Amino acid sequence: MNRIGYACICLTLGNPPKGSGLPKITTNRTARKATWQREGLFYLGQLALENAKDLKRILEWNEKQGIRFFRVSSELIPWHDKYELTELPQYKEIANALFEAGEFARKHNHRLTTHPGPFHILGTVKSNVVDNTIIGLERHSEMFDLMGFTPSYQNKINIHIGTKADGKEVIAKRWIENYYRLSENCRARLTIENDDKASMYSVKELYELFHLEIGIPITFDYWHHTFCTGGLTEEEALRLAVSTWPKDIVPVVHYSESRKEEYKFLAEASKIKEQAHADYVYKPINTYGLQVDVMLEAKAKDLALLRYLELHPERKLHIV
DNA sequence: ATAGGTCAAGCGAGG
DNA sequence: CCTCGCTTGACCTAT
């Protein structure tokens with residue numbers, strides 16, 4: 001099964017027509033630091049509970065569209081790295097809601113993944129940053145545990161290496177040491193992704209410095225690869241990344257297109273960074289005959305995916 | 001009700 | 001030295 005999915009936000013459900021009276025459905029309710037420190041954990045727990053309930057509603061909507069791949073927001077449980085989940089007064093209700101979402105996903109063969117933010121840096125020399133990273137990654141893993149998922153790359157927790165400050169070999173060594181501080185469940189889900197800067201980590205470097213050492217799978221990002229090829233063609237890099245996944249798990253790839261190109265007719269186009277993601281995607285995605293699940297990283301989220309499926313109706317064959 | 005200002009996390013790049 | 005971009009725009013306050 002080849003799936004195509006979108007990330008974290010369902011614009012359709014999150015922005016109901018004015019006057020429709022429909023509630024906003026979103027998993028991204030959060031609070032600023034000052035607010036929750038003033039209001040306490042009960043406040044955060046309410047947000048988390050509503051987010052968790054809405055996750056299932058989004059999956060139900062996805063199912064109706066034939067979309068069976070979704071990235072779960074890292075903010076579903078706001079500020080989750082600042083406390084134990086069991087400290088939330090609504091913990092049991094949240095756990096139940098997450099389990100229901102997980103049950104729905106299993107029943108309908110949906111794949112759920114996460115992509116913790118760029119502040120999760122396992123290889124940094126700053127020990128407090130590593131400590132926070134470990135807590136954050138564990139929370140993502142706990143969320144999947146609560147959903148009832150057996151630990152596996154099927155529900156991947158995908159991150160970037162994020163630093164090269166004192167040399168990639170040094171970073172890799174430290175990264176791997178810290179990797180073994182993670183729980184087994186978390187490690188069973190953790191994957192790494194190639195970067196969008198020439199100076200950072202290409203697929204080839206991730207393969208040699210990380211995969212060959214600890215067997216961790218590599219998530220291939222088509223768009224990032226164009227900025228950091230490591231001397232490989234797109235097809236070579238894709239095949240190398242795909243080779244790092246266990247045979248019984250469909251590899252995930254990320255796909256997006258250039259915002260600068262998309263808006264080249266605008267005067268402001270010159271200000272858009274080369275790396276910026278487009279709102280929509282237009283070109284057929286070449287998977288070179290490989291079986292992969294494609295995560296679209298487009299600003300227009302579900303709208304971009306639905307339009308892509310209209311542009312390329314043959315794709316629908318791959319998601320049923 | 002909405003506009004505009006503001007925000008929590010680490011790092012690298014560009015001005 | 002400051003700002004942006006990435007992860008994800010959402011929150012909060014004043015009008």
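Atoms considered below: every heavy atom in the structure, side chains included; atoms not considered: hydrogens, waters and symmetry mates. Everything numeric here is computed off the predicted structure, so don't read it as measured data. A, B, ... follow the sequence lines: proteins, then strands. Residue 1 opens every chain.
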[X] and [Y] aromatic centres sub-6.0 Å:
X: A:H115; Y: A:H140; answer: no
X: A:Y255; Y: A:W223; answer: no
X: A:Y308; Y: A:Y280; answer: no
X: A:H254; Y: A:H225; answer: no

Whole-Å distance between [N] [atom2] and [X] [atom1]?
X: A:N194; N: C:dC6; atom1: CG; atom2: P; answer: 15 Å
X: A:Y201; N: B:dG12; atom1: OH; atom2: P; answer: 9 Å
X: A:E274; N: B:dG12; atom1: CD; atom2: C1'; answer: 17 Å
X: A:H120; N: B:dC11; atom1: NE2; atom2: P; answer: 13 Å
X: A:D195; N: B:dG10; atom1: CG; atom2: C1'; answer: 13 Å
X: A:I134; N: B:dG10; atom1: CD1; atom2: C1'; answer: 15 Å
X: A:I161; N: B:dG12; atom1: CD1; atom2: C1'; answer: 15 Å

Q.
Tell me whether the side-chain N/O atoms of A:T124 come closer than 4.0 Å to OP1 or OP2 in B:dC11.
A.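 So the side chain of A:T124 is within the cut-off, an N or O lying under 4.0 Å from OP1 or OP2 of B:dC11.
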Q | side-chain N/O A:K197 vs C:dC4 OP1/OP2, d < 4.0 Å | A |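 No, A:K197 has no side-chain N/O under 4.0 Å of OP1/OP2 on C:dC4.
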Q. Any ion pair linking A:E297 and A:R71 (charged N to carboxylate O, less than 4.0 Å)?
A.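 Judged by the 4.0 Å cut-off on N to carboxylate O distance, A:R71 and A:E297 do form a salt bridge.
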**Q.** A:E60 bridged to A:K64 by N-O distance under 4.0 Å
**A.**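 A:K64 and A:E60: not salt-bridged.
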**Q.** A:L122 with A:I135, same ILVMFWY side-chain cluster at under 4.5 Å
**A.**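 Per the 4.5 Å side-chain linkage, A:L122 and A:I135 are not co-clustered.
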Using atom [atom1] in both nucleotides, what's the gap between [N] and [M] to the nearest angstrom?
N: C:dT7; M: B:dC7; atom1: P; value: 23 Å
N: B:dT6; M: C:dC4; atom1: C1'; value: 16 Å
N: B:dA8; M: C:dC12; atom1: P; value: 10 Å

Q. Counting side-chain heavy atoms from C-beta on, which of B:dG12, B:dG10, C:dC6 comes nearest to A:V129?
A.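 Output: B:dG10.
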Q. Is NZ or CZ of A:R106 both nearer than 6.0 Å to the six-membered ring centre of A:F99 and within 45° of the ring axis?
A.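 The answer is yes, since A:R106 meets both limits relative to A:F99.
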Q: Could you check A:R29 against A:N51 for side-chain hydrogen bond (donor to acceptor under 3.5 Å, both in side chains), going step by step and ending with a plain yes or no?
A: CA-CA 7 Å; A:R29 297 173 186 85; A:N51 286 341; 3.0 Å; yes
Q: Mark up nucleotides 7-15 of chain C, 5' to 3', with B wherever a protein heavy atom is under 4.0 angstrom from a base atom, S wherever such an atom reaches only the sugar-phosphate, and - elsewhere.
A: BBSBBS---
**Q.** Contact list for DNA chain C against residues 51-64 of chain A - heavy-atom distance below 4.0 Å
**A.**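 Hits under 4.0 Å, by residue number: none.
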Q.
For A:K168, I'd like to know if atom NZ has over 12 heavy atoms of other residues, nucleotides or ligands within 6.0 Å.
A.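 Yes, because the 6.0 Å sphere around NZ of A:K168 holds more than 12 heavy atoms from other groups.
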Q | Flag if over 12 foreign heavy atoms under 6.0 Å of NZ, A:K260 | A |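 For A:K260, atom NZ is crowded (more than 12 foreign heavy atoms under 6.0 Å).
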Q. When Watson-Crick pairs (N1 to N3 and N6-O4 or O6-N4) and G-U wobble pairs (N1-O2 and O6-N3) count only below 3.5 Å on both distances, what is the dot-bracket string of DNA chain B, with | for other-strand pairs?
A. |||||||..||||||
Q.
Testing the 3.5 Å rule here: is there a donor-acceptor pair between the side chains of A:N158 and A:R189?
A.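 Side chains of A:N158 and A:R189: no pair found under 3.5 Å.
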